[in-house]
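Heads up: numbering here begins at 1 and tracks the sequence.
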Amino acid sequence: MQLGEDYTEFMVSKIKGLTSVDPELLPRATKAFRSGSFSKVVQDITGFYVILEGFFMVENVRKAITIDEHVPDSLTTSMVDDVFYVLQSCLRRAISTSNISSVIAVLSGASSLLSNEFHEALQQKMREPNLGAKLFLGGVGVQKTGTEIATALNNMDVSSEYVLKLKHEIEEQCAEVFPAPADREKVKSCLSELGDMSSTFKQVLSAGLEQLVGTVTPRIRPLLDNVATISYELSEAEYADNEVNDPWVQRLLHAVETNVAWLQPLMTSNNYDSFVHLVIDFIVKRLEVIMMQKRFSQLGGLQLDRDARALVSHFSGMTQRTVRDKFARLTQMATILNLEKVSEILDFWGENSGPMTWRLTPAEVRRVLGLRVEFKPEAIAALKL
C-alpha cells in the first residue's frame with residue numbers, strides 16, 4: 001500500500017511536469033491515472049487491509065481482556081498494558097500504509113473498542129455486590145479484596161493516562177506522514193474522540209473512588225459522632241489536661257490510619273491522594289456541622305485551633321497534595337473563637353484580611369461569634385461586616 005501511494009505520487013508529479021503537451025491535457029491525464037486500473041487495485045487492497053486490521057485488533061483486545069491477570073509487583077493487571085500495546089501496534093501499522101482512509105478506519109475502530117469493551121472491562125470489578133463487606137471482613141482490612149479493588153481503580157487511572165499518550169504519539173506520527181492540511185483535519189477529529197475517552201475513564205475512576213470511600217467512612221463515623229459529646233467550654237485546668245490526654249483527635253487519626261493507610265502501597269499515588277482527599281472532605285464536613293452546634297470559651301477556641309492544626313499536620317504527611325485549604329473554614333472558625341472581644345473580628349475582615357481569603361460568609365461569621373459564651377448578641381448584631 002505504501003509503495004502504491006509512493007508510485008501514485010511519482011506518476012502524478014511526472015504528468016504535472018510535462019512541458020511539451022497542451023496544458024489542458026494535464027488535469028485530464030492526472031484524473032485518468034487517479035481513477036485508472038492501478039488505483040482501483042490499490043483501493044481493493046486497502047479495503048482488504050482495513051478488514052484484516054480491524055479483525056486482528058478486535059480479537060486481540062478481546063483476548064487481552066479474557067486472559068487478564070494480576071501481575072506481580074505491578075499496580076495494574078495485565079489487560080491494561082496488553083490492550084494499549086495492541087492498539088499502538090495496529091495504529092502504527094495503519095500509519096505506515098501512508099493511506100489516510102485506512103488510518104481513519106483503524107482509529108475509529110480503536111476508539112470504539114476503548115469506549116465499549118474495554119470501558120466495560122474496567123468497571124467489572126467495582127460492580128460486584130457487597131464490596132464493602134468483603135473489604136473489611138470481621139472489621140479488618142482484607143488484603144486480597146483490597147488489592148483487587150485498588151488494582152481495578154489503578155487500571156482506570158493508568159488507562160486515562162495511556163489514552164493521552166497514545167493520542168499524542170499518533171498525532172506526531174500522522175503529522176510526519178500526512179502533511180496535507182485536509183488530511184490533518186480528518187485525523188484531528190478522530191483523535192479528539194480518542195482524547196474524550198481519557199475523561200470518560202477519569203469519570204469512571206472518580207465514581208469508583210467514591211464507592212471505596214463509601215465503604216470506609218462508616219468505620220470512621222462513630223469517632224466523629226463521639227466529638228459531639230466533647231465540651232469546648234474549658235477552664236484552665238481542663239485545657240491543660242487536654243494537652244496531656246487528647247480528647248478525640250488521636251483516636252480519629254488512628255481510625256483513619258487503620259482504615260485508609262493500609263491501601264497506600266496498593267494504589268497509584270494519584271489514586272491514593274484522591275482517596276485521602278475524599279476521606280478528608282467527609283471528616284471536615286462532619287466536623288464543621290458538629291462545631292457549629294457547640295458552645296465555646298476562649299480556651300475552647302484555642303483548643304479547636306490546636307485540634308485543627310493536629311489534623312492538618314497529620315493529613316499533610318499522608319498525601320502529596322496540599323490539605324490546608326480543606327481545613328480553611330475550620331481554622332477560620334478557630335480564629336474567630338479565639339478573639340478577646342467581638343469587635344476584634346474587624347481587624348481580620350474586609351480590607352484588613354491581608355493574604356487570608358475568608359471562606360466563611362458574613363452570616364456564618366456572626367453565627368460562629370454567637371458560639372462564644374462571653375460574647376453578647378447585641379454586640380454581634382451591631383457589627384458591620
Side-chain angles (χ1 to χ4, degrees), residues 216-217 219-262 264 276-277 279-345 347-349 353-356 358-360 364-376 380:
V216 170
T217 46
R219 308 178 58 75
I220 299 170
R221 187 187 290 276
L223 289 129
L224 284 168
D225 292 345
N226 178 44
V227 179
T229 64
I230 285 160
S231 169
Y232 275 81
E233 290 183 53
L234 302 176
S235 64
E236 295 273 353
E238 288 166 327
Y239 180 74
D241 182 51
N242 280 353
E243 202 156 2
V244 184
N245 307 308
D246 174 82
W248 62 270
V249 173
Q250 291 312 317
R251 281 206 297 273
L252 173 69
L253 292 175
H254 178 68
V256 170
E257 283 294 331
T258 48
N259 291 298
V260 174
W262 68 286
Q264 182 179 11
V276 170
H277 274 253
V279 172
I280 294 173
D281 287 340
F282 167 77
I283 291 172
V284 168
K285 274 201 190 91
R286 191 80 197 93
L287 284 176
E288 282 177 21
V289 171
I290 291 170
M291 295 304 168
M292 280 290 197
Q293 292 162 351
K294 288 189 177 300
R295 302 284 287 155
F296 289 82
S297 62
Q298 188 174 11
L299 284 172
L302 211 53
Q303 178 68 44
L304 179 61
D305 188 59
R306 192 159 70 185
D307 296 341
R309 282 173 197 276
L311 292 171
V312 169
S313 147
H314 186 88
F315 282 116
S316 297
M318 280 184 80
T319 161
Q320 293 166 0
R321 298 181 204 159
T322 173
V323 299
R324 272 183 197 288
D325 56 326
K326 303 259 178 202
F327 289 92
R329 284 169 58 85
L330 213 53
T331 312
Q332 287 172 7
M333 282 168 70
T335 304
I336 297 170
L337 291 164
N338 257 319
L339 302 175
E340 290 286 338
K341 51 182 191 286
V342 173
S343 58
E344 266 186 23
I345 183 68
D347 299 342
F348 300 95
W349 192 258
S353 65
M356 181 159 88
W358 278 94
R359 301 289 182 88
L360 300 168
E364 286 172 325
V365 169
R366 289 178 200 280
R367 232 182 109 188
V368 174
L369 285 166
L371 304 177
R372 262 290 285 281
V373 186
E374 314 92 310
F375 290 169
K376 304 236 176 328
I380 298 169

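- Residues V323 and M318 have side chains not in contact (no heavy-atom distance under 4.5 Å, counting atoms from C-beta outward).
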**OP:** List the steps, then state whether side chain to side chain contact (heavy atoms under 4.5 Å, CB included) holds for Q298 with E340.
**Re:** CA-CA 8 Å; Q298 188 174 11; E340 290 286 338; 3.3 Å; yes
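- Between R221 atom CZ and R286 atom CZ the span is 6.0 Å, to the nearest 0.5 Å.
- Two residues are said to be in side-chain contact when any heavy atoms from C-beta on lie closer than 4.5 Å; F282 and V216 fail this criterion.
- The closest side-chain heavy-atom distance from R306 to Y239 is below 4.5 Å.
- T335 and Q332 form no side-chain donor-acceptor contact under 3.5 Å, judged by distance and modelled atom types alone.
- Residues V279 and V276 fail the side-chain proximity criterion, which asks for heavy atoms closer than 4.5 Å.
- A heavy-atom distance below 4.5 Å is not found between the side chains of R309 and F327.
- Within a 6.0 Å radius of CZ in R366, more than 12 heavy atoms belonging to other residues, nucleotides or ligands are found.
- Between V368 and M291, the closest side-chain pair of non-hydrogen atoms is not below 4.5 Å.
- Looking at D307 and Q303, their side chains do bring a donor and an acceptor atom within 3.5 Å of each other.
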Subject >> Test log, rule side chain to side chain contact (heavy atoms under 4.5 Å, CB included), inputs R251 and N226 >> reply: CA-CA 10 Å; R251 281 206 297 273; N226 178 44; 3.2 Å; yes
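- Atom-to-atom distance recorded for I283:CD1 and T217:OG1 is 9.5 Å, nearest 0.5 angstrom.
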